S.K.: 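Quick one: structure below, then a few questions.
This one's a predicted model, so the numbers in the text were calculated from it and none came from an experiment.
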Amino acid sequence: MSKRFIYKPVGIARIYLPFLACIAVVIIIQAAIFYQVQKESSLDKEVKETEKKVQIIVSNADFMQKTARTISVQIFFDEDVKDLLYYDVQPSDFGKYMHRLNTYKAIYPYLTSLYIYNGKNYFAMPNYVSKYDKDNFIDERIMELLPKTPDTYLNTFFARKIINPLFRNFPQTSDYVNGYTYIFSDSRNSNGDVTESIVLNFSDEWLSDSLEALTSGGDHVFGIDQDGRLLCNDGEKKFGDDLTSEEYIRQVMAATDETGNFKTKIDGEDFLVCYSSCSIEGWKFVVLTPYSKIIGNLQSVYRVTVFTAILILLFGGLAVFFFSRQLYIPWQYMHLEKNRLEAETRENYLDLRNEFIKSFVSGYTSCEQLLQQKKYD
């Protein structure tokens with residue numbers, strides 16, 4: 001009979017099992033709250049770090065703009081080269097200008113070439129000075145822009161394929177290089193034409209080196225111009241590629257804030273997009289950070305916490321069952337012994353009652369005599 005009761009649940013298990021379940025539920029709820037709070041905290045921290053990162057490249061672009069402005073002003077007021085801006089200098093006099101212009105190229109290593117336009121001629125300075133008629137210049141894009149240059153192209157940078165000044169002397173090199181052009185001018189004639197101008201061509205390495213250094217740890221850093229075209233080579237995408245087919249690029253271009261961030265999906269994966277404008281009109285720099293990088297560790301902690309809560313419920317339940325069984329066995333035997341004693345008491349009472357009735361019929365006149373007789377028996 002006792003074996004039948006060994007595995008029967010008892011009150012202690014019924015008390016502690018709900019208690020363990022409550023503990024497990026509380027742990028899971030706390031883990032969910034902790035996960036959400038830490039997720040917001042990690043997101044804020046990542047946004048701040050990303051904004052610092054994008055500000056580095058923005059500062060670099062701003063410095064490139066200031067440098068181009070400084071070089072242009074220096075050349076414009078340089079007594080040794082200003083003749084090129086106002087006079088028809090003969091090739092025999094180029095030598096005295098070549099050394100001075102080479103000095104600028106030596107000081108600024110990212111400056112690949114420069115042109116000086118005086119309304120009639122171009123003077124190009126790769127590693128030597130060459131003179132070109134305004135209608136027969138080697139750089140066709142500049143001929144298209146000068147002299148009727150739109151204001152949007154003056155005193156600011158624009159990205160383009162620049163003719164390689166070394167291609168003529170070194171045919172094995174590429175005929176075009178990626179870069180940024182800065183057209184400096186502060187005057188127009190009565191027809192609105194630019195009369196004197198300095199054109200500076202910078203290599204895209206100025207920005208690409210910085211972007212490459214900042215692209216680490218899963219982050220992806222790149223820049224776009226006012227038309228949504230890529231400012232530097234970027235993996236499979238190349239300089240000048242149109243990125244406006246991407247929804248997040250259109251969202252960045254349409255943003256009016258200088259700095260901002262938002263969440264988006266790219267190829268089915270969540271990304272944090274941080275962007276910032278620089279002093280170059282229309283240029284913006286973007287940092288893409290996978291959300292898995294931001295909350296990856298938190299998800300692991302949350303899963304471990306939930307798993308721990310389940311283990312507490314499982315092993316706690318087994319422990320409660322085991323210990324309740326240890327308490328139940330002696331309790332059950334005590335209960336059985338109590339039932340046995342009660343049964344014997346009832347049986348003795350019935351026997352005594354039956355004997356009394358029999359003795360009464362047989363001639364006993366009192367219970368005392370019956371009990372005395374039972375005692376002798």
S.K.: Are Phe158 and Tyr180 an aromatic pair, judged by ring center distance below 6.0 Å?
M.R.: no
S.K.: May I ask whether Leu200 and Tyr97 are part of the same hydrophobic cluster, defined by side-chain heavy atoms of I, L, V, M, F, W, Y residues being less than 4.5 angstrom apart, directly or through others?
M.R.: yes
S.K.: Check this for me: Glu140, atom CD, are more than 12 non-hydrogen atoms of other residues, nucleotides or ligands nearer than 6.0 Å?
M.R.: no
S.K.: Going by salt bridge (charged side-chain N to carboxylate O under 4.0 Å, His left out), Arg160 matches just one of Asp227, Asp225, Asp139. Which one?
M.R.: Asp139
S.K.: Could you check whether any side-chain heavy atom of Leu101 comes within less than 4.5 Å of a side-chain heavy atom of Thr103, counting everything from C-beta outward?
M.R.: no
S.K.: Before giving the answer on salt bridge (charged side-chain N to carboxylate O under 4.0 Å, His left out), spell out for Arg229 and Asp241 the whole-Å C-alpha distance, their side-chain angles and the decisive distance to 0.1 Å.
M.R.: CA-CA 5 Å; Arg229 297 187 179 278; Asp241 283 355; over 6 Å; no
S.K.: I'd like to know if Lys52 pairs up with Glu49 as an ion pair, taking the criterion as any Lys NZ or Arg NE/NH1/NH2 lying under 4.0 Å from an Asp or Glu carboxylate oxygen.
M.R.: no
S.K.: Would you mind reporting whether Leu114 and Ile75 have side-chain heavy atoms less than 4.5 Å apart?
M.R.: yes
S.K.: Report yes if the distance between the aromatic ring centroids of Tyr115 and Phe137 is under 6.0 Å, otherwise no.
M.R.: yes
S.K.: Which pair of non-hydrogen atoms, one from Val58 and one from Phe285, has the smallest distance, and what is that distance?
M.R.: CG2-CD1, 4.0 Å
S.K.: Taking Arg100 first and then Asp78, would you say they form a salt bridge - that is, a charged N and a carboxylate O separated by under 4.0 Å?
M.R.: yes
S.K.: Would you say the side chain of Tyr132 lies within less than 4.5 Å of the side chain of Asn121, judging by non-hydrogen atoms?
M.R.: no
S.K.: The test is side-chain contact (heavy atoms from CB on, under 4.5 Å); show your working for Lys293 and Asp219 and say whether it passes.
M.R.: CA-CA 9 Å; Lys293 173 191 172 184; Asp219 290 344; 3.1 Å; yes
S.K.: Tell me whether Tyr87 at atom OH has more than 12 heavy atoms from other residues, nucleotides or ligands lying less than 6.0 Å away.
M.R.: no
S.K.: Within the 4.5 Å heavy-atom criterion, are Val273 and Leu288 side-chain neighbours or not?
M.R.: yes
S.K.: First locate atom CD1 of Ile224, then atom CE of Met253, and finally report the distance between them rounded to the nearest 0.5 Å.
M.R.: 6.0 Å
S.K.: To the nearest 0.5 Å, how far apart are CG in Asp88 and CG in Asp83?
M.R.: 11.5 Å
S.K.: Hydrophobic clusters here meaning ILVMFWY residues chained together by side-chain heavy-atom distances under 4.5 Å, can you tell me if Ile57 and Ile249 are in one?
M.R.: no
S.K.: Less than 4.5 Å apart, any side-chain heavy atom of Phe222 and any of Leu243?
M.R.: yes
S.K.: Flag the pair Ile198 / Phe76 as yes when at least one side-chain heavy-atom distance between them is below 4.5 Å, and no otherwise.
M.R.: yes
S.K.: May I ask you to establish whether Lys263 and Tyr291 are in a cation-pi arrangement, using a distance under 6.0 Å from NZ or CZ to the six-membered ring centre and at most 45° from the ring axis?
M.R.: yes
S.K.: From Asp186 CG over to Glu196 CD, what is the distance, rounded to the nearest 0.5 angstrom?
M.R.: 8.0 Å
S.K.: Considering non-hydrogen atoms only, spot the tightest contact between Asn136 and Met143 and give its length.
M.R.: N-SD, 3.8 Å
S.K.: Taking atom types as modelled and ignoring hydrogens, do the side chains of His220 and Asp234 form a donor-acceptor contact shorter than 3.5 angstrom?
M.R.: yes
S.K.: Would Thr112 and Asn201 count as a side chain to side chain donor-acceptor pair (under 3.5 Å) here? Give the steps.
M.R.: CA-CA 6 Å; Thr112 60; Asn201 296 313; 5.3 Å; no
S.K.: Sub-3.5 Å donor-acceptor pair from the side chain of Lys131 to the main-chain atoms of Val89, do we have one?
M.R.: yes
S.K.: Kindly give the heavy-atom pair with the smallest separation between Asn178 and Lys161, and that separation in Å.
M.R.: OD1-NZ, 2.7 Å
S.K.: If you measure from CG on Asn261 to CD on Glu51, what distance do you get to the nearest 0.5 Å?
M.R.: 6.0 Å
S.K.: List the steps and the verdict of side-chain contact (heavy atoms from CB on, under 4.5 Å) for Tyr182 and Ser72.
M.R.: CA-CA 9 Å; Tyr182 184 93; Ser72 301; 3.6 Å; yes
S.K.: At what distance, to the nearest 0.5 angstrom, does OG1 of Thr264 lie from OH of Tyr248?
M.R.: 8.5 Å
S.K.: Can you name the nearest heavy-atom pair linking Ser277 to Asp257, along with the distance?
M.R.: OG-O, 4.3 Å
S.K.: With side chains defined as the heavy atoms from C-beta onward, is the minimum distance between Ser197 and Val199 less than 4.5 Å?
M.R.: yes
S.K.: Is Tyr104 close to Gln74 at the side-chain level, that is, under 4.5 Å between some pair of heavy atoms?
M.R.: yes
S.K.: For residues 203-214, pull every pair meeting side chain to side chain donor-acceptor pair (under 3.5 Å), keeping only residues two or more places apart or in separate chains.
M.R.: Asn60-Trp206, Asn60-Ser210, Tyr110-Asp209
S.K.: If you draw a 6.0 Å radius around CZ in Phe262, do more than 12 non-hydrogen atoms from other residues or ligands fall strictly inside?
M.R.: yes
S.K.: Once the angle between the rings of Tyr122 and Tyr117 is folded into 0 to 90°, is it parallel (under 30°), tilted (30 to 60°) or perpendicular (over 60°)?
M.R.: tilted
S.K.: Taking Ile280 as the starting point, is it possible to reach Val286 by hopping between hydrophobic residues whose side chains are less than 4.5 Å apart?
M.R.: no
S.K.: Looking at CG of Asn189 and CG of Asp193, how far apart are the two atoms once the value is rounded to the nearest 0.5 Å?
M.R.: 4.5 Å
S.K.: Once you measure the plane-to-plane angle for Trp283 and Phe157, does it fall in the parallel (<30°), tilted (30-60°) or perpendicular (>60°) bin?
M.R.: tilted
S.K.: Hey, quick one: are Val287 and Leu230 part of the same hydrophobic cluster, counting side-chain heavy atoms closer than 4.5 Å, chains of contacts allowed?
M.R.: no
S.K.: Using the rule that Ile, Leu, Val, Met, Phe, Trp and Tyr join whenever any side-chain heavy atoms are under 4.5 Å apart, tell me whether Leu84 and Phe184 fall into a single cluster.
M.R.: yes
S.K.: Tell me the closest heavy-atom pair linking Leu272 and Val47, and the distance in Å.
M.R.: CD2-CG2, 3.8 Å
S.K.: Hey, does the side chain of Arg188 reach the backbone of Thr149 with a donor-acceptor pair shorter than 3.5 angstrom?
M.R.: yes
S.K.: With no hydrogens and no angle check, is any side-chain donor or acceptor of Asn118 less than 3.5 Å from a backbone partner on Lys120?
M.R.: yes
S.K.: Looking at Gln55, Lys284, Glu258, which hits side-chain hydrogen bond (donor to acceptor under 3.5 Å, both in side chains) with Ser276?
M.R.: Gln55
S.K.: May I have the step-by-step check of side-chain contact (heavy atoms from CB on, under 4.5 Å) for Tyr108 and Thr67, ending in yes or no?
M.R.: CA-CA 9 Å; Tyr108 303 100; Thr67 300; 3.7 Å; yes
S.K.: Please list, chain by chain and in numerical order, all residues satisfying side chain to side chain donor-acceptor pair (under 3.5 Å) with Tyr275, sequence neighbours excluded.
M.R.: none
S.K.: Which heavy atom of Met64 sits nearest to which heavy atom of Leu207, and what is that distance?
M.R.: CE-CD1, 4.2 Å
